[in-house]
Amino acid sequence: MRQPPLLAHFDPETSVNSGQVFLWEKSGQAWYGIHADRVVKFYRQDGALVFESFPEERQIERSMFRLDDDTDSIFAEIAKDPIVKKLIASYPGLRLMRQDPAQCTISFVCASNTNIPMIRRMLGTLAKKYGQRIVADGKEFHTFPSVQALHKASEGELRACGLGYRAKAIKAAVGAMADGSLDIEYLKKAGYDEARAELLKVYGIGPKIADCILLFSLEKLDAFPIDVWIARALASHYGWLAGKKMSEKLTGHQYIEASKAARTYFGKYAGYAQQFLYYHMRQDAGKKW
DNA sequence: ATGCAGGGACGAT
DNA sequence: ATCGTCCCTGCA
């Protein structure tokens with residue numbers, strides 16, 4: 001039985017498990033996620049996908065899972081690279097997601113120098129403390145905190161959520177969004193270079209985190225974030241970053257050069273290629289998230 | 001038990 | 001342009 005066209009390159013379970021979003025969990029047969037001020041849910045029924053949201057927002061999945069993207073041309077573009085071409089076949093259904101910019105920014109500021117289970121814990125604690133309680137299907141959830149709610153919190157209170165030194169950076173990020181110096185709508189319209197430069201002005205946002213925010217929430221599909229896993233992929237599969245040991249972190253200069261090279265090589269959808277590489281490296285290492 | 005790594009970024013040399 | 005440091009937790 002053939003999948004309808006919409007589902008040919010779309011499996012939300014793979015997508016929410018690919019390290020780009022943090023606040024998703026499976027309960028029974030359904031997956032539940034926190035998307036800004038809503039709880040979102042999906043499950044399969046007789047082979048078809050069903051989406052729900054609380055409170056209800058019609059077709060929220062179209063935006064969230066980028067279902068309007070022309071995946072034929074996107075995949076054709078990044079499949080010019082033979083390795084990525086194979087990964088597209090290996091992981092059918094993996095898609096980039098479109099995150100809420102504020103949630104995405106706060107999430108990735110929390111991501112510096114830590115691991116995914118820790119990020120999940122930090123964000124979960126923030127949600128419980130500053131988000132709104134929502135009961136869906138008899139289960140309790142907490143929405144992602146608003147910028148205003150976090151803006152009112154002190155650095156000390158944020159630290160108490162297990163953020164460590166990141167509390168100062170969260171203060172800076174929500175402050176910039178609250179006072180308008182970091183203007184999300186402007187950043188969406190701006191080009192990659194300009195939006196990136198604006199993000200880098202915020203304390204706690206460096207090159208890597210900026211690229212994540214640009215790719216996952218600001219429509220910059222050419223952004224190519226390089227974390228330790230992507231650095232390993234570039235070194236082992238592409239022969240880039242020559243001479244760098246696997247255990248070493250990238251220097252600022254190395255990041256700039258490698259990211260520029262990758263953006264040129266993979267093209268205007270480089271970020272999509274990055275997601276396949278990232279997912280593959282993690283799968284290969286047997287990571288359970 | 002001490003060390004180290006885990007989706008980095010900052011500040012001082 | 002490099003290098004130590006930053007909170008925190010799990011694991012060797």
Side-chain angles (χ1 to χ4, degrees), chain A residues 15-24 94 96-97 99 103-126 129 153-173 175-176 182 196-217 220 223-236 241 243-260 262 270-289:
Chain A
S15 305
V16 301
N17 265 322
S18 64
Q20 50 182 326
V21 288
F22 301 104
L23 294 177
W24 284 79
L94 174 60
L96 270 183
M97 294 176 67
Q99 301 184 34
Q103 177 171 352
C104 186
T105 300
I106 291 158
S107 298
F108 282 95
V109 166
C110 286
S112 85
N113 194 26
T114 187
N115 51 44
I116 291 178
M118 272 301 115
I119 301 167
R120 291 170 55 86
R121 175 184 304 204
M122 289 185 262
L123 298 178
T125 305
L126 284 178
K129 195 162 173 182
S154 71
E155 185 181 331
E157 289 167 341
L158 295 174
R159 243 172 201 277
C161 295
L163 299 185
Y165 59 84
R166 299 169 195 80
K168 183 177 173 187
I170 295 297
K171 277 295 286 178
L182 191 65
R196 176 178 179 278
E198 288 302 311
L199 286 169
L200 291 180
K201 290 179 184 172
V202 181
Y203 176 86
I205 299 181
K208 191 271 174 181
I209 289 174
D211 276 333
C212 288
I213 298 168
L214 291 165
L215 174 62
F216 297 131
S217 75
K220 309 298 183 268
F224 192 89
I226 302 176
D227 68 340
V228 293
W229 297 95
I230 291 296
R232 288 170 194 163
L234 296 182
S236 58
L241 300 165
K244 193 191 73 64
K245 277 180 287 187
M246 296 287 265
S247 56
E248 292 175 338
K249 297 179 178 181
L250 292 185
T251 67
H253 182 256
Q254 283 176 319
Y255 187 99
I256 303 294
E257 290 307 309
S259 183
K260 198 185 301 173
Y272 242 109
Q274 184 268 0
Q275 198 60 27
F276 278 94
L277 288 169
Y278 180 75
Y279 187 67
H280 175 62
M281 294 303 286
R282 302 269 309 185
Q283 288 289 118
D284 224 32
K287 282 288 182 181
K288 291 281 293 177
W289 320 102

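Convention: sequence-line order gives letters A, B, ...; per-chain numbering from 1.
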Return the 5'-most residue of the pair A:P225, A:K168 with respect to DNA chain B, ranking by each residue's nearest nucleotide. A:P225
Please confirm whether the backbone N or O of A:Q275 pairs with a side-chain atom of A:Q20, one donor and one acceptor, at under 3.5 Å? no
Across all chains, not counting sequence neighbours, the side-chain contact (heavy atoms from CB on, under 4.5 Å) partners of A:T114 are A:M118, A:I119, A:M122, A:R166
Residues from residues 197-207 of chain A sitting under 4.0 Å of DNA chain C, heavy atoms only? none
Are A:R121 and C:dG10 close enough that a side-chain N or O sits under 4.0 Å from OP1 or OP2? yes
Would you please name every residue forming a side-chain hydrogen bond (donor to acceptor under 3.5 Å, both in side chains) with A:Q99, sequence neighbours left out? none
Taking Watson-Crick (N1-N3 plus N6-O4 or O6-N4) and G-U wobble (N1-O2, O6-N3), each under 3.5 Å, can you produce the dot-bracket string of DNA chain C? Use [ ] for crossing pairs and | for inter-strand ones. ||||||.|||||
Taking only N/O atoms, report every protein-nucleotides 4-7 of chain C pair under 3.5 Å with atom names and distance.
unit_1, atom_1, unit_2, atom_2, d
C:dC7, OP1, A:R159, NH2, 3.0
C:dC7, O4', A:Y165, N, 3.1
C:dC7, O2, A:R166, NH1, 2.9
C:dC7, N3, A:R166, NH2, 3.4
C:dC7, N4, A:N113, ND2, 3.0

Could you tell me which residues satisfy ring pair (Phe, Tyr, Trp, His ring centres under 6.0 Å) with A:F108, sequence neighbours excluded, listed by chain and number? A:F22, A:F216
Under 3.5 Å, which donor-acceptor pairs do the side chains of residues 200-208 of chain A form with other protein atoms, sequence neighbours left out?
unit_1, atom_1, unit_2, atom_2, d
A:K201, NZ, A:E198, OE2, 2.9

With sequence neighbours excluded, tell me which residues meet side-chain contact (heavy atoms from CB on, under 4.5 Å) with A:E155. A:R159, A:A167, A:K168, A:K171
Taken in chain and number order and not counting sequence neighbours, the residues that satisfy side-chain hydrogen bond (donor to acceptor under 3.5 Å, both in side chains) with A:Q103 are none
